Number of protein chains: 2
Amino acid sequence: MEKFKIIFIFVLQTICMDNKKEITIHDIARELDISASTVSRALNNNPKISLKTRKKIQDFALKLGYRPNIIASNLRTQRTFTIGIVVPLINRHFFSSVISGVEAYASEAGYNVIIAQSNDQYDKETSIAHSLYSNRVDGVIISIAMESEDFTHLSLFTNKSIPLVFFDRAPKEIYTHKIIVDDYAGGYKATKHLIDQGYKKIAHISGPLNLQIYKDRLQGYKDALKDAGLVIDETLILHNRLIREVATNAFRKLITSPSKPDACFCGNDTTALSSIIYCKENGIKVPEDIGIVGFSNEPFSEVVTPSISTIKQPGFEMGQTACELLIEQIENKSNPIDFQTLTMPNELIVRGSSVRK
Amino acid sequence: MEKFKIIFIFVLQTICMDNKKEITIHDIARELDISASTVSRALNNNPKISLKTRKKIQDFALKLGYRPNIIASNLRTQRTFTIGIVVPLINRHFFSSVISGVEAYASEAGYNVIIAQSNDQYDKETSIAHSLYSNRVDGVIISIAMESEDFTHLSLFTNKSIPLVFFDRAPKEIYTHKIIVDDYAGGYKATKHLIDQGYKKIAHISGPLNLQIYKDRLQGYKDALKDAGLVIDETLILHNRLIREVATNAFRKLITSPSKPDACFCGNDTTALSSIIYCKENGIKVPEDIGIVGFSNEPFSEVVTPSISTIKQPGFEMGQTACELLIEQIENKSNPIDFQTLTMPNELIVRGSSVRK
DNA sequence: TTATTTTGTGCAATCGATTGCATTTATTTG
DNA sequence: CAAATAAATGCAATCGATTGCACAAAATAA
């Protein structure tokens, strides 16, 4: 009698799909009068289970609308199939492209992506690291915050051998996979282009030098000048946080200084745009009076007037590659790995802001 | 003898921080010679445990670098403190702003955010829904894909009363919280503005009408015309997927048609931009020959020439609000809730593309 | 001092899937 | 047909934290 009651309730539940109770492998086992282990193995297509039994179980599971409890599985297997990605700012074209690439690759490989943004703050980055760690992500992809100068918070991962892949902004101190853009070449190309266009006094508005990317762009700039036999005028090199207001001030300082430049290689497109807007407002002609090149190929740089010459970075591809390297590491934990630093090619896009007619 | 060995190993492990073995509440319990339950309660600051014991346990846990295994906790409590957000395209300013807002609010409230992008595809959206469901997210924030016309895949959530909040693109069929922009008012304002500027034959390039937002914008457009006593010319209304190439074609069709318009209210900024570029290439002057208004206030619309008049949508705030509503629902599951449809105010931003001198 | 209440801890089951090892069943071989 | 091998399945422990209930200890009341 009691047994009938239970079966009745169970049947009721399977019919009425909006029940609260989840179906588990034990429910299936009970109904089919086999053990939960067999059910588990069958659902995972374990060849130890006969094809017939597997089919029977899978069909039944499907009929019941069974969904595995991933959390229970995670607990047992010590895997979460989740990776974390940390970016300075989600809402920035380059970074959201990278995220998009990561997400595309990850979802294809059966991983979830948890995103977090550091707002370029060290403290936020630290708390994110703790949170991702506590959530037992299988691996982390990160581009470090502008503010971050030490990286002890990331040792959470390295200590437990949780794979870590850096992209774009990678610290020298940590030995792991890195996907970077060839910032040196980018800086060189941008500067060389300005030189080729006949500009002579080329300034550079750079970002904070604790970020390797800005160091490299700066070095590329310097070497291009050197190779062309031009002198490096340190008064034409500024370091800033490359955000709008600050960038405008920096540009004003340059343009009104005694050693007034006739071109400017800006550390990013935002700065290039600020500079162009400043020029428009002050009757300075771009590219006639001053040539401008940016960095990153933000969507707007193509469509402003004049359009901005810039260095195109393959964000989406970087995300994909980073994710590929990460998952490879996650899934071959035993094998020793040679860490590599992949340098993605970037590309000079010549537009109106730097081409004298 | 055996016991000493075990203790020795344990001490070794706690000293050597880069060990693989995780510390659990049982380890702490054993060391402190109390029960695991007490440790668990102490770490959760349960007042049932005396202050003295709590302090002792917490200090010890800190010293050992203990981190709770969230997965085990999730399994037991049936909560994950994770919410999913599904957007058509991550790499799009409006959506990444919303994500940013969601992330900001969620991380403050102790939740993780899993992101996924549907690429505006129905199939992808469906598989995302299954994946989020299987991963036992506590709630979902979603803006539906252009392709999606039925919403049975979302009943996964509604059936199990997993809270769901829609933003921007929300289906009428599902009764839950919705955060939308006042698309009707936006369409009305945009059109009214063009009328006020003296334009007479105002076209509209709309998106697919299975999305409510485009319906509403269209209705706003029509009503504005009606209220101004202008006729609605159906040949001046086109429906398209609002992507670049398609939009350009649509605009060409309009401008070369017999009933050539003198203004165009475009369904989004991308379309507005495509139109402007087309005009530039064909010697048509904006705003003199044709006035143009877009929608969304993409970053580029401010900086192109002419700058694009548009409707500004508060993406970040929408994300925050959506997340707030979602978490409120998650945490008050028992209470019956009155679902609300919040209409966020939007704002007409008048720029160069629609103002005749 | 004893009875009663309050406070603090422990026991043991639970969440749901996985997996090494034991056991049963089917198949092959001598 | 018995023995040996292979194939299929089950048992029970495990992952680590949580929690209802029982119980012991301490504090209070009678």
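As the structure is a prediction and not an experimental result, all values here were calculated from the model. All chains are named by letter (A, B, ...) in the order of the sequence lines, taking the proteins before the strands, and each is independently numbered beginning at 1.
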Going through the checks in order, is the side chain to side chain contact (heavy atoms under 4.5 Å, CB included) test met by A:Val102 and A:Gln320?
-> CA-CA 5 Å; A:Val102 169; A:Gln320 282 186 308; over 6 Å; no

The side chain of [X] lies closest to which of these nucleotides: [options]?
X	options	value
B:Ser50	D:dC15, D:dA8, C:dT9	C:dT9
A:Thr77	C:dT9, C:dT19, D:dA17	C:dT19
B:Ile25	D:dG10, D:dA17, C:dT18	D:dA17
A:Asn44	D:dT18, D:dG16, C:dT18	C:dT18
B:His26	D:dA17, C:dT19, C:dC15	D:dA17
A:Gln78	C:dA17, D:dC15, C:dT19	D:dC15
A:Ser35	D:dG16, C:dT9, D:dC11	D:dC11
A:Leu75	C:dA17, D:dG16, C:dT9	D:dG16

Other residues, nucleotides, ligands: >12 heavy atoms within 6.0 Å of B:Glu108 CD | no

Taking the side chain from A:Ser131 and the backbone from A:Ser127, do they hold a donor-acceptor pair closer than 3.5 Å?
-> no

Spell out, as yes or no, whether a donor-acceptor pair under 3.5 Å connects the side chain of A:Ser96 to the backbone of B:Ser96.
->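 Not confirmed, A:Ser96 side chain does not pair with B:Ser96 backbone.
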
Is the distance from OP1 or OP2 of C:dA17 to the nearest side-chain N or O of A:Tyr66 less than 4.0 Å?
->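 So the side chain of A:Tyr66 is within the cut-off, an N or O lying under 4.0 Å from OP1 or OP2 of C:dA17.
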
Whole angstroms only, please: what is the [atom1]-[atom2] distance between [X] and [N]?
X	N	atom1	atom2	answer
A:Arg79	C:dT19	CZ	C1'	16 Å
B:Lys52	C:dG8	NZ	P	11 Å
A:Leu32	D:dA8	CG	P	17 Å
A:Asp27	C:dT14	CG	C1'	15 Å
A:Ile57	D:dT9	CD1	C1'	10 Å
A:Asn74	C:dT19	CG	P	12 Å
A:Lys56	D:dA8	NZ	P	14 Å
B:Ile23	D:dA17	CD1	P	10 Å

Protein heavy-atom contacts under 4.0 Å, written 5' to 3' over nucleotides 20-27 of chain C as B (base), S (sugar-phosphate only) or - (none), form the string BB------

May I ask you to say whether B:Glu103 pairs ionically with A:Lys124, meaning some side-chain N is under 4.0 Å from a carboxylate O?
-> yes

Under-4.0 Å salt bridge between B:Lys63 and B:Glu31 | no

B:Lys48 or B:Arg136: which one's nearest nucleotide on DNA chain C is closer to the 5' end?
-> B:Lys48

With DNA chain C as reference, determine whether B:Ile49 or A:Ile71 sits nearer its 5' end, using the nearest nucleotide of each.
-> B:Ile49

Looking for any heavy atom pair under 4.0 Å, which part of the strands does A:Ser40 touch: base, sugar-phosphate only, or nothing?
-> base

Counting any heavy atom closer than 4.0 Å, what does B:Ile34 reach on the DNA or RNA strands: base, sugar-phosphate only, or nothing?
-> sugar-phosphate

Spacing of B:Asp168 atom CG and B:Phe95 atom CZ [to the nearest 0.5 Å] |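 Going from the CG atom of B:Asp168 to the CZ atom of B:Phe95 covers 5.5 Å.
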
Can you measure from CD (A:Glu173) to CG (A:Leu154) and round to the nearest 0.5 angstrom?
->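 Atom-to-atom, A:Glu173:CD and A:Leu154:CG are 10.5 Å apart.
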
Hey, which of B:Ile85, B:Val165, B:Val86 is the one that makes side chain to side chain contact (heavy atoms under 4.5 Å, CB included) with B:Ile142?
-> B:Val86

Enter the inter-axis angle for the ends of the helix from C:dT1-D:dA30 to C:dG30-D:dC1 (five pairs per end, rounded to 10°).
->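 Inter-axis angle at the ends, rounded: 50°.
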
Quick one: side-chain hydrogen bond (donor to acceptor under 3.5 Å, both in side chains) partners of A:Arg79, sequence neighbours excluded?
-> A:Tyr111, A:Asp138

So do B:Ile115 and B:Val87 actually touch side chain to side chain, heavy atoms under 4.5 Å?
-> no

